[in-house]
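Quick notes on the structure that follows.
Note that the coordinates shown come from a computational prediction; the quantities given were computed from them, not determined experimentally. Protein chains get the first letters and strands the later ones, always in sequence-line order, with residue 1 at the start of each.
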Protein chains: 2
Amino acid sequence: MKHTRSRATGRTTLAQVAALAGVSQITASRALRSIASVDPQLAARVHDAAKALEYVPNPAARALASARSQSILVLIPALSNQLFIETLEAVQGILRPRGFEVLIGNYHYCQEEEEELIRNYLSFQPRGILLTGFNRSEAATQLLAKSGVPCVYMMELRQEHGIVCVGFSQEEAGAKVADHLLSRGRRKLAFVGAQLDARVLQRRDGYQQAIATAGFAPALEIMTPEPSSVELGVDLFNRILMEHPEIDGIFFCNDDLAFGASFEALRKGVKIPAQISVVGFNDLPGASQMVPRLTSVRTPRASIGEQAASSLLRLLDGTGQDTVTVDLGFELVVRESS
Amino acid sequence: MKHTRSRATGRTTLAQVAALAGVSQITASRALRSIASVDPQLAARVHDAAKALEYVPNPAARALASARSQSILVLIPALSNQLFIETLEAVQGILRPRGFEVLIGNYHYCQEEEEELIRNYLSFQPRGILLTGFNRSEAATQLLAKSGVPCVYMMELRQEHGIVCVGFSQEEAGAKVADHLLSRGRRKLAFVGAQLDARVLQRRDGYQQAIATAGFAPALEIMTPEPSSVELGVDLFNRILMEHPEIDGIFFCNDDLAFGASFEALRKGVKIPAQISVVGFNDLPGASQMVPRLTSVRTPRASIGEQAASSLLRLLDGTGQDTVTVDLGFELVVRESS
DNA sequence: CGACTTTGAGATAGCGCTATCTTAGTAATC
DNA sequence: GATTACTAAGATAGCGCTATCTCAAAGTCG
């Protein structure tokens, strides 16, 4: 007897659907993929058969035969930051309904890990990749280029041939905060950055530039590679109070830090904004309820996810340009803390 | 000429590795999968060849040929809750290094969506599934059972044949909070629950039971299906102040809500805990820095993710029992707010 | 020492789909 | 009306791996 593997997966195959519909397997395949050259009547028969048999295509077989998957990789630097979660949700909201599988790669703000993730996930032949910013290892960049997989960059902007990106100007946002603090009469400004990713540095640059343009000079800059957190905000705020009592305005590059500072200020009896103005970044949920309500920069992270995913989709179906820069802007939300 | 599909994927195949190593393809396959019956010397040759050619296996081909993938599905009710993010990170920390691909399914606390996700992801033939709690649609349960894919349940406990679960007793946690508030002399207790998922209800049950056991009765219960948030905490706290001024202790089923209440209390000049004791749940980052520092129940969400993933792995390689209940406990962290 | 396990490596045959190539059948062109 | 040009549906041949089956070589034993 001819040998046949018995798998008993119990799953319906395309062949069964085709048989029931009375067409060849390839026609069934074409019908289910809505390929034009199939007679509408035949297509309808195939769809009915598929429904009747509860047919579910096998993604592995499809990927193997067509050398392309239906998955899209999203690389983000952290899940622990609410910011990226909102972006991710928006991305999924666009991609999943369109039948794409969203693979999430969290590289913990680590270039080596990002490179490793790219290497790994590239073996899944993703249809496209959504990346956060432009700062990555040379090897990672090479891998991406060599793979030929369409990429869309999120969060930062860069006008360069072949780059599709969706974000806002981190520099301008930083500048806006500096201008705001200066407009409040603050002159001894401190910049507090944690995590030190590329975006924080860009905000810092814009902020410094704005201060310089206004004819002043930054008074203090604290940059720490530690991840941003409420606790860290408490510590850094205390450090500023102790070591730099002259500071009258602080730009925390992340709301978490500003939250911690606000708590500590309440505890220490330091008046915000009377004594020190505080500005955060991202306008995370809760910022508006802080005591005092926190001035922050509202970033369009959900829209970024949405638009980036849509741009990628357009790139995939060929209706998009391969060089686009979508600037979604930001909004300085002025509240009590400044 | 014989027709051959030109794909130009440029990717090395197992056949090339086998050729370079001078063995048959199947032997190369076995060697790379570390299957015992391969001569160590041959295996070494194969590994060298694979490294030299930068061979990366094709997951689709592997999945198709073996009728099993290397992916594991994790279903969580929300990404927006920091709680689940920590669980997720822990799960990935265990699974990814072992070569598994972690598929994340977020069902937004919606049974229909969970069912849909299960239906969809099951077509990827995941090796295993990590689920949150036991509360799901009948259809979803059926799908899971029919699929035969090994499952591990997180967060809740249920001693039942064939169930592997890792979590803690939500009831006991609720009871512990009630006892604590009573021990502080609080007698007019309010329970505030949002989202109304199964776990919140379990905490509520334990809490009520404990109050009854102590010979008292709950004074107020606010349950809203809205998602938990700082803003909601503000609103509900205000509602309690206005409509139930007699309340002297509140158990917020989520820290978010307690955060909002704390802010509003500061703003309104309501003294916590002098006038009202406040207890949160989950001990999210920030709870310890709140003003006043928030009493909360620290839940072992990271350990739950870790242990659940490990249990699933054991189930997969056959070294685990199919009925296990791992109770990781919880800890009431008493701080200033009570 | 010959019949009988064990073992390890290779040969073969698909997994369930889709890319190509063919081939009838139909329409268009002169 | 015969030649050319399309079209739509089917036949064929894999995609890159692994499950099984085969078979020769190497033990094992009474």
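Rounded to an integer number of Å, the gap from CZ of A/R62 to P of C/dC15 is 18 Å. Residue B/L32 contributes atom CG, which lies 9 Å from atom P of D/dC17 at whole-angstrom precision. One interatomic measurement links the two molecules: CD of B/Q25 to P of C/dG14, which rounds to 16 Å at whole-angstrom precision. When the C1' atom of C/dT18 is taken as reference, atom CG of A/L14 falls 9 Å away, rounded to whole Å. One atom, CD1 of A/I35, and another, C1' of D/dA9, lie 13 Å apart when rounded to the nearest Å. With rounding to whole Å, A/L64 atom CG is found 14 Å from D/dG14 atom P.
In this model, the phosphate group of D/dT18 is approached by a side-chain N or O of B/S29 to a distance below 4.0 Å at OP1 or OP2. Between A/S66 and C/dC17, a side-chain N or O to OP1/OP2 separation shorter than 4.0 Å is absent. Listed pair A/S24 / D/dG10 meets the phosphate criterion, a side-chain N or O lying under 4.0 Å from OP1 or OP2.
Both B/A61 and B/V23 lie near DNA chain C, and the one whose nearest nucleotide falls closer to the 5' end is B/V23.
The side chain of A/N58 has C/dG16 as its nearest neighbour among C/dG16, C/dG10, D/dC17. Closest to the A/L42 side chain, of the nucleotides D/dA9, C/dC15, C/dG10, is D/dA9. Closest approach to the A/D39 side chain among D/dG14, D/dA9, D/dT18 is made by D/dA9 (side chain taken as heavy atoms from C-beta onward). Closest to the side chain of A/T27, from the set C/dG16, D/dT18, D/dA9, is D/dA9. For A/T13, counting side-chain heavy atoms from C-beta on, the closest listed nucleotide (D/dG10, D/dC17, C/dC17) is C/dC17. Picking from C/dC15, C/dT18, D/dG10 the nucleotide with the shortest atom distance to the side chain of A/R30 gives D/dG10.
Among the heavy atoms of the strands lying under 4.0 Å from A/R33 are primed sugar atoms or P, OP1, OP2 only; no base atom is included.
Separating the OH atom in B/Y109 from the OG1 atom in B/T132 is a distance of 8.5 Å, to the nearest 0.5 Å. Here CG of A/L88 is found 9.5 Å from CG of A/N106. Values are rounded to the nearest 0.5 Å.
Evaluation of the salt bridge (charged side-chain N to carboxylate O under 4.0 Å, His left out) test over residues 72-89 of chain B, restricted to residues two or more places apart or in two chains, returns B/E86-B/R301.
Listed by chain and residue number, nothing satisfies the side chain to side chain donor-acceptor pair (under 3.5 Å) test with B/S310 (two or more places apart in sequence, or in another chain).
Between B/E115 and B/R136, no side-chain nitrogen of the basic residue sits less than 4.0 Å from a carboxylate oxygen of the acidic one, so the salt-bridge criterion is not met.
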